[in-house]
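In this chain, numbering begins with 1 at the start of the sequence shown.
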Amino acid sequence: MKKIFALFFICLFCLAINAQTYDNHQKEYLLSSLTEARTEAKRTHRMILCDYQPTGLYVRRGERITFEVDEFDPAYRLSSMIGFKPMWGNHNKTQEDNLVEGTNTVTATQDGILSFIFVKKEGYDVEPVSVEVKVKGGKAFPLYQIGQTEDADWEKDLETMTDAPFVQMVSDKALITLPYQDYMNSPIEDVEASFETIHKVIDWEDELAGFDGSSPENVVTNNRINYLIDIYATPEDAKKFYMYASSYFIGMKKINFTELTHKLDKEWGIWHETGHTHQQRSWTFGAITEISTNIFSLYVQEKFGQPSRLNTMLSGDKAKPFDSARNYLENPDKNYLVINKDDYSEFFSKLVMFHQLKAVYGWNVFKKLNQYFRKQPYVYDPKETDQDKANKFVYAMCAITKNNLVPFFQEWGLVIDANTEQKIEQLNLPSSKVDPTTIFR
């Protein structure tokens, strides 16, 4: 029954996606509904993705914008959004105004991109609906909709809209937002081909996260990943990140957005940030925030046929991660729950632990891990500690592999509490036939 539901949902979603149009020249829009971002994050146990949709219009502070909204299902909420969701340092604000059927007028309190939010008020949106909206006001900037925009029209907009503040490109999986001049300095030669690569990365990471459509909680999200340049970050802010994953978007800098648009098949950094959007809060304890995301990076790297990062020595490395991992395991005082932030190589030497699990049990072990936690609703508990999350993770890995992996995790300095150890002992699981800690290849 769950598989039938999942297939039914996927068919409905594909029909809805194909029906949506964003015509920023005529300022006419056919919007397909999405699940509200936080509701979707709870279902998928992942980071909040964007639930807003592009218009390809930019408005100025004080400008009055009129919206003509056709009839739509009262179970849904429609609103306009001006500007971006808060970026690094919270230097910017977002203006959101509810829209109802008929004529609506909104006065912009700030400059910004105009977007729509069209979501179900409560619960998951299993049968997307549509609404038509016409806009008066705002100024069009180049907007490319994958599968609908003609390349000649795109090139014409780029040539004629020279005062545009931004360009946007959108598919059913991703929304890219870049300042116009930065894009023109490094334009994409083939937008459709570039998005094919972006879709590969997203699809592969969804695959590793266990979104296989086997049950309602394992259906691929219909919300997008928004990749954008953080235009608000101060010079001091910019020293603190290269890219970053946040609620609603992945922030980039002007100096590195081509890793997404030109070099995605070989750039670890963007795989890493996209991986952050898949991390499950249920078991991601603090010390592995920058480690477990790279499980997705390793998977994408393998899919692209690139040499493993774990067997590669890059600039700044003290040794290859496999060699660093050997040294780490020999340390009698090691503690996996603590990360040495001053030793960048530790992020990769500790990643070897996950690689060793994959070497014995295959990539499916991580697919099953994510599905295991999605079977139960995620409930935020402010009292939950990193040790609590580590306990849950180790127990889950033992249950999934049907092996007692407590000695393996102890070797890595990942120690669980007595209660969890007792629960695992009660499962009467055999040891792994192969000691994972011996694998460095």
Side-chain angles (χ1 to χ4, degrees), residues 197-198 200-201 204-205 208 238-245 250 252-253 255-279 284-363 365-366 408-414 434-441:
T197 305
I198 292 169
K200 283 181 181 179
V201 172
W204 287 334
E205 295 203 4
L208 188 62
K239 294 178 183 178
K240 301 174 183 176
F241 68 85
Y242 188 63
M243 294 181 181
Y244 66 92
I250 290 176
M252 305 176 291
K253 294 194 285 193
I255 62 171
N256 62 24
F257 79 87
T258 56
E259 291 194 4
L260 171 70
T261 58
H262 291 66
K263 301 176 287 186
L264 186 60
D265 61 342
K266 60 179 87 61
E267 288 296 339
W268 180 280
I270 198 70
W271 309 336
H272 171 100
E273 298 305 337
T274 304
H276 274 308
T277 73
H278 289 87
Q279 282 179 313
T284 304
F285 48 94
I288 61 167
T289 300
E290 297 299 330
I291 297 173
S292 63
T293 182
N294 284 329
I295 303 172
F296 295 96
S297 304
L298 287 175
Y299 190 62
V300 172
Q301 188 172 54
E302 181 178 292
K303 287 289 189 178
F304 275 128
Q306 302 290 334
S308 174
R309 173 69 177 86
L310 298 178
N311 200 34
T312 306
M313 188 168 179
L314 300 182
S315 176
D317 287 352
K318 297 179 180 178
K320 292 180 181 180
F322 280 144
D323 295 329
S324 296
R326 287 189 180 92
N327 294 333
Y328 171 85
L329 287 170
E330 292 173 359
N331 179 4
D333 299 321
K334 55 187 173 291
N335 185 345
Y336 204 92
L337 283 171
V338 177
I339 191 73
N340 181 4
K341 295 181 179 179
D342 295 327
D343 183 4
Y344 180 73
S345 65
E346 192 168 305
F347 290 113
F348 293 94
S349 59
K350 285 187 173 180
L351 178 61
V352 172
M353 183 186 81
F354 290 98
H355 166 80
Q356 290 178 333
L357 290 169
K358 171 259 177 183
V360 175
Y361 301 104
W363 287 115
V365 75
F366 301 120
F408 166 73
F409 288 115
Q410 286 176 338
E411 280 294 307
W412 274 95
L414 183 53
V434 178
D435 179 4
T437 59
T438 64
I439 300 174
F440 295 96
R441 62 181 187 277

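- The distance from the CD atom of E205 to the CH2 atom of W271 is 10.0 Å, given to the nearest 0.5 Å.
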Report task. Kindly determine whether D323 and K320 satisfy salt bridge (charged side-chain N to carboxylate O under 4.0 Å, His left out), including the steps that lead there. Result -> CA-CA 5 Å; D323 295 329; K320 292 180 181 180; 5.9 Å; no
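- With contacts defined as side-chain heavy-atom distances shorter than 4.5 Å, the pair T277/T293 does not qualify.
- When all heavy atoms of P321 and L310 are compared, the pair lying nearest together is CD-O, 3.3 Å.
- Taking the charged nitrogens against the carboxylate oxygens, K358 and E302 do have a contact shorter than 4.0 Å, which makes a salt bridge.
- Here L414 contributes atom CG and K334 contributes atom NZ; the two are 11.5 Å apart, rounded to the nearest 0.5 Å.
- Checked against the 6.0 Å centroid criterion, the rings of Y299 and W363 qualify as a close aromatic pair.
- By the 4.5 Å heavy-atom criterion applied to side chains, F354 and F366 are counted as neighbours.
- Pairs engaging residues 257-271 under the salt bridge (charged side-chain N to carboxylate O under 4.0 Å, His left out) rule: none recorded [sequence neighbours left out].
- Between W412 and Y328, the closest heavy-atom pair is O-OH, 2.8 Å.
- When every heavy atom of N335 is checked against every heavy atom of K350, the shortest pair comes out as O-NZ, 3.3 Å.
- The distance from the CG atom of L351 to the OG atom of S345 is 12.0 Å, given to the nearest 0.5 Å.
- Under 3.5 Å, the side chains of W268 and N294 contain a donor-acceptor pair of N or O atoms.
- Atom CZ of F241 and atom CE of M252 lie 10.5 Å apart (nearest 0.5 Å).
- No side-chain heavy atom of F257 sits less than 4.5 Å from a side-chain heavy atom of I270.
- When atom types are taken as modelled, the side chain of E273 and the backbone of I250 share no donor-acceptor pair closer than 3.5 angstrom.
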Practice task
I would like to know whether F296 and V201 meet side chain to side chain contact (heavy atoms under 4.5 Å, CB included); could you show each step before the answer?
Solution key: CA-CA 9 Å; F296 295 96; V201 172; over 6 Å; no
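- L208 approaches I295 most closely through the heavy-atom pair CD2-O, 3.7 Å.
- Taking every heavy atom of both residues into account, L337 and A287 meet most closely at O-CB, 3.3 Å.
- Separating the OG1 atom in T438 from the CD atom in E411 is a distance of 11.0 Å, to the nearest 0.5 Å.
- Side-chain N/O atoms of Q279 and S292 include a donor and acceptor closer than 3.5 Å.
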### Task
Please assess I288 against Y336 for the test side chain to side chain contact (heavy atoms under 4.5 Å, CB included), listing each intermediate value before the final yes or no.
CA-CA 8 Å; I288 61 167; Y336 204 92; 3.4 Å; yes
| task | Test side chain to side chain contact (heavy atoms under 4.5 Å, CB included) on E290 and H272 and set out the steps. | result | CA-CA 9 Å; E290 297 299 330; H272 171 100; 2.8 Å; yes
Kindly indicate, with the supporting measurements, whether the criterion side chain to side chain contact (heavy atoms under 4.5 Å, CB included) is fulfilled by I291 and F348. CA-CA 7 Å; I291 297 173; F348 293 94; over 6 Å; no
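- A donor-acceptor pair under 3.5 Å is formed between the side chain of N256 and the backbone N or O of K253.
- A 4.5 Å side-chain heavy-atom check between R309 and Q301 finds at least one atom pair inside the cut-off.
- Between T437 and L329 the shortest heavy-atom distance is O-CD1, 4.3 Å.
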When you look at F440 and H355, which way does the ring pair (Phe, Tyr, Trp, His ring centres under 6.0 Å) test go after all the steps?
-> CA-CA 9 Å; F440 295 96; H355 166 80; 8.8 Å; no
